[in-house]
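Computed from heavy atoms alone, side chains included, the values below leave out hydrogens, waters and symmetry copies. Please read all numbers here as calculations on a predicted model, not as lab measurements. Numbers for residues simply follow the sequence, beginning at 1.
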Amino acid sequence: MKPRSTPRLAEAALRTLTACLALASLSASAQPDLAALQKQVFEAERAFARSMAERRHEDFVRHLSEHAIFFNGAQVLRGKAAVAAGWKAFYDTPQAPFSWDPDVVEVVADGQLAHSTGIVRDPAGKPIARFNSVWRQEAPGVWRVVIDKGQPLTEADRRGP
């Protein structure tokens, strides 16, 4: 027995196909602009670094997520208040004890998390470490540091670009 084609079945199939295409189009248009988000994170990281250069602890604190975790040698600082208190001493001297600048930022496909990394320098500009930070978009265009950890320099870091 052969199935019969009716105008009602054809209309239902057409409506289903149209709905599927509309949903696919909506999903495709809802994809985040990763290049724009990457630029936002570069800017956030540079503003975060400026807080040290300009000796503005309150600006540093504004970049911290409430759930921030900073690795400070063997010690782990957990939460915004602990990180703010743990880093306060770095802001109490007239000269910044170090500086940093991102050289790579990568954003995950859904646009909610990003990783930044770059060189940390002593006051004379000598490379001393590499930082790694994880940023979370906590509101549209608002990125805050969730995890931060430094590491020793690799040979490639020592040679430079």
Side-chain angles (χ1 to χ4, degrees), residues 20 23-161:
C20 288
L23 185 58
S25 173
L26 179 62
S27 293
S29 67
Q31 295 300 314
D33 179 348
L34 296 181
L37 295 175
Q38 182 182 40
K39 182 178 176 187
Q40 288 177 5
V41 176
F42 264 114
E43 290 171 3
E45 183 69 70
R46 288 183 178 123
F48 193 44
R50 252 189 331 275
S51 75
M52 177 65 74
E54 295 173 358
R55 319 306 295 129
R56 299 179 55 87
H57 185 253
E58 64 276 9
D59 289 351
F60 171 84
V61 173
R62 269 194 283 280
H63 285 89
L64 300 174
S65 169
E66 289 295 328
H67 308 285
I69 297 173
F70 275 49
F71 293 83
N72 190 22
Q75 181 184 21
V76 178
L77 304 172
R78 294 179 183 279
K80 183 176 186 173
V83 173
W87 275 61
K88 179 74 170 90
F90 294 133
Y91 287 82
D92 288 343
T93 59
Q95 183 180 7
F98 53 86
S99 62
W100 69 93
D101 190 42
D103 54 21
V104 176
V105 169
E106 291 294 336
V107 179
V108 298
D110 71 0
Q112 296 303 302
L113 293 173
H115 172 260
S116 62
T117 186
I119 300 297
V120 179
R121 298 178 185 281
D122 71 11
K126 177 184 173 196
I128 56 174
R130 174 168 283 280
F131 74 87
N132 288 281
S133 299
V134 175
W135 294 78
R136 179 173 56 204
Q137 186 171 207
E138 295 191 345
V142 178
W143 291 87
R144 294 208 170 88
V145 180
V146 181
I147 300 171
D148 182 85
K149 186 174 186 179
Q151 68 185 46
L153 293 177
T154 65
E155 280 307 310
D157 290 329
R158 290 185 208 295
R159 285 191 302 270

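- The ring of F98 has its center closer than 6.0 angstrom to the ring center of F90.
- One N or O on the side chain of Q137 and one on the backbone of G141 form a donor-acceptor pair closer than 3.5 Å.
- For the side-chain contact (heavy atoms from CB on, under 4.5 Å) test with V83, the passing option among V145, N72, L64 is L64; the others fail.
- Screening I147, I69, D148 for a side-chain contact (heavy atoms from CB on, under 4.5 Å) involving V134 leaves a single residue, I147.
- Between the side chain of S116 and the backbone N or O of P102 there is no donor-acceptor pair closer than 3.5 Å.
- Closest approach of V108 to Q112, counting heavy atoms only: CG2-N, 4.1 Å.
- The side-chain heavy atoms of F71 and Q151, taken from C-beta on, include no pair separated by under 4.5 Å.
- In the model, R121 has no side-chain atom that pairs as donor or acceptor with a side-chain atom of S99 under 3.5 Å.
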Steps toward ring-ring contact (aromatic ring centres under 6.0 Å, His included) verdict (F48, W135)
CA-CA 11 Å; F48 193 44; W135 294 78; 5.7 Å; yes
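- R144 contributes a side-chain N or O that, together with a main-chain N or O of R62, makes up a donor-acceptor pair within less than 3.5 Å.
- Between R50 and D59, no side-chain nitrogen of the basic residue sits less than 4.0 Å from a carboxylate oxygen of the acidic one, so the salt-bridge criterion is not met.
- Listed here is the closest heavy atom pair of P123 and A96: CG-O, 3.6 Å.
- A distance of 6.0 Å separates CD1 in I119 from CG in D103, rounded to the nearest 0.5 Å.
- For R55 (side chain) and T93 (main-chain N/O), a donor-acceptor pair under 3.5 Å exists by modelled atom type.
- Annotation: the span from K80 atom NZ to F70 atom CZ amounts to 11.0 Å, rounded to 0.5 Å.
- Between atom CZ of residue F60 and atom OH of residue Y91 there is a gap of 5.0 Å, rounded to the nearest 0.5 Å.
- One N or O on the side chain of D122 and one on the backbone of K126 form a donor-acceptor pair closer than 3.5 Å.
- For D33 (side chain) and A36 (main-chain N/O), a donor-acceptor pair under 3.5 Å exists by modelled atom type.
- S133 pairs in a side-chain contact (heavy atoms from CB on, under 4.5 Å) with only one of the listed residues (H63, E45, K149, H115), which is E45.
- Side-chain contact annotation: T117 with R130, donor-acceptor N/O pair under 3.5 Å present.
- No more than 12 heavy-atom neighbours from other residues, nucleotides or ligands sit within 6.0 angstrom of NZ on K39.
- E106 CD: 12 or fewer foreign heavy atoms inside a 6.0 Å radius.
- In this structure, H57 contributes its side chain and A84 its backbone to a donor-acceptor pair below 3.5 Å.
- Ring orientation note: the planes of W100 and F131 are nearly perpendicular, at an angle over 60° on the 30°/60° scale.
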Would you please test W143 and L37 for side chain to side chain contact (heavy atoms under 4.5 Å, CB included) and show each step?
CA-CA 10 Å; W143 291 87; L37 295 175; 4.1 Å; yes
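- In terms of heavy atoms, P32 sits closest to A109 at CG-O, 3.2 Å.
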